[in-house]
Amino acid sequence: MSNSGSSNKFDAIREIAFGSIGATYAVLGGVLTRDAFRVWLTNNTNADIYLSTDGVTDMMKLPATSGRAYDHKTNDLFTKTGTQFYIRYATVPTAGWFGCEVEYT
């Protein structure tokens with residue numbers, strides 16, 4: 001296996017408590033300032049949550065108490081710099097939090 005000399009780095013956690021998740025889209029942390037090759041989404045609420053990158057379109061639905069991991073580096077893809085994540089509820093949460101973790105080189 002080759003080593004390009006790059007090292008993995010972690011971005012600040014993006015997290016929203018259940019009480020701040022509404023029926024309209026809320027900003028989930030800051031805009032990506034670097035291309036991300038791994039993104040983890042964790043829905044630790046008791047509600048279904050929609051995710052968007054334009055704040056208008058429901059792009060993903062994460063069921064209550066679920067998570068997803070995207071490893072774009074495998075296919076030499078990235079979630080681009082400037083991407084902003086937004087979330088809203090599909091059903092009203094009464095507990096928990098939603099988080100996004102990002103890794104870049």
Side-chain angles (χ1 to χ4, degrees):
M1 175 177 260
S2 69
N3 183 344
S4 65
S6 297
S7 63
N8 296 341
K9 298 168 188 73
F10 296 94
D11 210 357
I13 292 175
R14 292 155 172 82
E15 186 175 76
I16 298 180
F18 77 93
S20 296
I21 302 170
T24 58
Y25 274 106
V27 173
L28 178 61
V31 171
L32 292 182
T33 58
R34 302 165 191 87
D35 290 346
F37 70 88
R38 286 194 191 113
V39 177
W40 292 267
L41 301 168
T42 304
N43 179 5
N44 192 39
T45 72
N46 56 352
D48 295 343
I49 301 292
Y50 289 116
L51 179 92
S52 177
T53 58
D54 66 8
V56 176
T57 308
D58 297 339
M59 296 176 177
M60 293 183 193
K61 186 175 185 180
L62 284 92
T65 62
S66 71
R68 293 185 186 168
Y70 295 94
D71 185 356
H72 301 300
K73 186 63 174 161
T74 300
N75 296 317
D76 207 24
L77 301 172
F78 295 90
T79 302
K80 296 304 287 177
T81 298
T83 300
Q84 176 67 66
F85 297 105
Y86 303 87
I87 64 169
R88 73 177 187 89
Y89 64 67
T91 55
V92 180
T94 58
W97 50 269
F98 189 99
C100 176
E101 298 168 71
V102 174
E103 190 173 353
Y104 63 95
T105 57

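The structure displayed is predicted, hence computed values, not measured ones. Along the sequence shown, the residues carry numbers beginning at 1.
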Student: Any sub-3.5 Å donor-acceptor pair from T45's side-chain atoms to G96's backbone N or O?
Tutor: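 No, the answer is negative, given that no donor and acceptor are paired below the 3.5 Å cut-off.
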Student: Give me the other members of the hydrophobic cluster that Y70 sits in, counting Ile, Leu, Val, Met, Phe, Trp and Tyr linked by side-chain heavy atoms under 4.5 Å, directly or via other members.
Tutor: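 Listed partners: I16, I21, L28, L32, V39, L41, I49, L51, M60, L62, F85, I87, Y89, V92, F98, V102.
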Student: Donor-acceptor pair, N43 side chain versus P63 backbone, under 3.5 Å?
Tutor: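 Yes, N43 side chain to P63 backbone: donor-acceptor pair under 3.5 Å.
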Student: Judged by atom type as modelled, is there a donor-acceptor pair below 3.5 Å linking the side chain of T91 to the main-chain atoms of A47?
Tutor: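 Not confirmed, T91 side chain does not pair with A47 backbone.
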Student: Roughly how far apart are T83 OG1 and D54 CG, rounded to 0.5 Å?
Tutor: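 T83 OG1 to D54 CG: 11.0 Å, rounded to 0.5 Å.
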Student: Measure the CZ-CG distance between R88 and D58 for me, rounded to the nearest 0.5 Å.
Tutor: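 Spacing of CZ (R88) from CG (D58) equals 4.0 Å.
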Student: Which ILVMFWY residues can you reach from F18 by hopping between side chains whose heavy atoms are under 4.5 Å apart?
Tutor: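 Under the 4.5 Å side-chain rule, F18 groups with nothing.
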Student: Starting at OH of Y104, measure out to OG1 of T33 and round the result to the nearest 0.5 Å.
Tutor: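 Y104 OH to T33 OG1: 7.0 Å, rounded to 0.5 Å.
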Student: Rounded to the nearest 0.5 Å, what separation is found between the CD atom of E101 and the OG1 atom of T42?
Tutor: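 E101 atom CD to T42 atom OG1 measures 5.5 Å (nearest 0.5 Å).
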Student: If you take all heavy atoms of Q84 and G30, which pair is closest and at what distance?
Tutor: OE1-C, 3.7 Å
Student: Backbone N or O of P93 within a donor-acceptor pair of the N46 side chain at under 3.5 Å?
Tutor: no
Student: If you look at every heavy atom in Y25 and M59, which pair is closest and at what distance?
Tutor: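 That would be OH-N, 4.5 Å.
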Student: Can you tell if the side chain of Y86 reaches within under 4.5 Å of the side chain of V56, non-hydrogen atoms only?
Tutor: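 They are not in contact (no side-chain heavy atoms under 4.5 Å apart), so the answer is no.
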Student: Can you name the closest pair of heavy atoms from S20 and A26 and give their distance?
Tutor: O-CB, 4.1 Å
Student: Taking all heavy atoms of A90 and all of Y50, pick out the closest pair and write down the distance.
Tutor: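 Taking A90 first and Y50 second, the nearest heavy atoms are CB-CE1, 3.3 Å.
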Student: Just how far is it from atom CZ of R14 to atom CH2 of W40, taken to the nearest 0.5 Å?
Tutor: 12.0 Å
Student: Among residues at least two apart in sequence or on other chains, which ones pass salt bridge (charged side-chain N to carboxylate O under 4.0 Å, His left out) with E103?
Tutor: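 For E103 the salt bridge (charged side-chain N to carboxylate O under 4.0 Å, His left out) partners, ignoring immediate neighbours, are R38.
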Student: To the closest 0.5 Å, what do you measure between OG1 (T79) and CG (D35)?
Tutor: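 Between atom OG1 of T79 and atom CG of D35 there are 8.5 Å.
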